Amino acid sequence: MRISCPYCGERSLDEYLYIGDATVTRPDPAGANAQADFYKYAYERTNPAGAHKELWYHSAGCHAWLVVERDTRTHEISSVETAKDVALKRNVAKGGA
Amino acid sequence: MSSLTLTPTNALASALNSSRSSVAIAVLDGLSIAHVAARKGQSAALAARVKELFGVTLSQTPRIATGSNVSFVWAGPDQWLAMARADTNPDFERDLRGKLEGLASVADQTDARALATVRGPNARHVLAKGVPIDLHPKAFPAGSAAITHASHIGVLMWLSEADDTFTLACPRSYASSFWNWLTESAVEFSPAVGE
Ligand SMILES: [Zn+2]
């Protein structure tokens, strides 16, 4: 499996670390339902057979965090974005800065 | 009527071909090195300031930009490794920090990295034994840079714009392992190893 880093170009898997599910966001620890929200966040994960968005870290390269959409059945990669861009878009969508 | 002229070739001619031993490895010393990281939102202002100060355009892609007294090699998004001769720039990092105040964080790396150069027709064959990226001139042309690993040791490497010389920078604590790998990988090419 090879991942195309938006900064470095296509690199082999041994330069990356798999970090986890990119579809979940850490709940607010000060929120009213923090305990229940954290339980869901930590344990109630889907395990899709097919397209999945995942966080990968280019640890032996540029140290960028990436959001990679990968087919868990074939390892085919359909998109790679920097986690920074994904977070910025999410903030804009929320009406933040 | 043929104009073709045949010349006899000794069966061992290739054994005498000097290119079989043409790789040179050397320690690169005498540089002041500083890591430069653009402050949030200051990337364009930093590039303008560096251009004004050194006449160098900071590369936003993995490449090296060389000016008359200083080089900036891409070292990650919005980060560069700045290098200058130590003898004429003894306070390089402090000077740079002052000049880039408010635009970039500057940290001294002079004693943190060990640098080696590899050049010659077999340089790519030597490096290919431990570097996993494609170093063919079509994939890694003059002036290219990359952060990757060499024999599992993290390196920042680049190919000079001028003279087909590869430079590899590894963390100081890995220097002797790195050097062992590099020189052992070159043995089959009878390398010229310099200081
Ligand atoms: Zn990268």
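Residue numbering restarts at 1 for every chain, and letters A, B, ... go by the order of the sequence lines. Every value quoted in this text rests on a predicted model; they were computed, and no experiment measured them.
Residue pairs meeting the ring pair (Phe, Tyr, Trp, His ring centres under 6.0 Å) criterion with at least one member in residues 29-48 of chain B, sequence neighbours excluded, do not occur.
More than 12 heavy atoms of other residues, nucleotides or ligands sit less than 6.0 Å from atom CG of B:D91. Other residues, nucleotides and ligands contribute at most 12 non-hydrogen atoms within 6.0 Å of the CZ atom of B:R119. Atom CZ of B:R172 is surrounded by 12 or fewer heavy atoms from other residues, nucleotides or ligands within 6.0 Å.
The line from OG of A:S59 to NE2 of B:H149 is 8.0 Å long, rounded to the nearest 0.5 Å. If you take CG on B:D134 and CZ on A:R11, they are separated by 11.0 Å, rounding to the nearest 0.5 Å.
Between B:P62 and A:C8, the shortest heavy-atom distance links the atoms CG-CA, 4.4 Å.
Under a 4.5 Å side-chain heavy-atom criterion applied to ILVMFWY residues, the cluster that includes A:Y43 comprises A:Y39 as well.
Interface remark: B:T61 contributes no atoms to any contact with chain A (heavy atom separation under 4.5 Å).
Taking the side chain as every heavy atom from C-beta outward, A:H63 and B:I147 never approach each other to under 4.5 Å.
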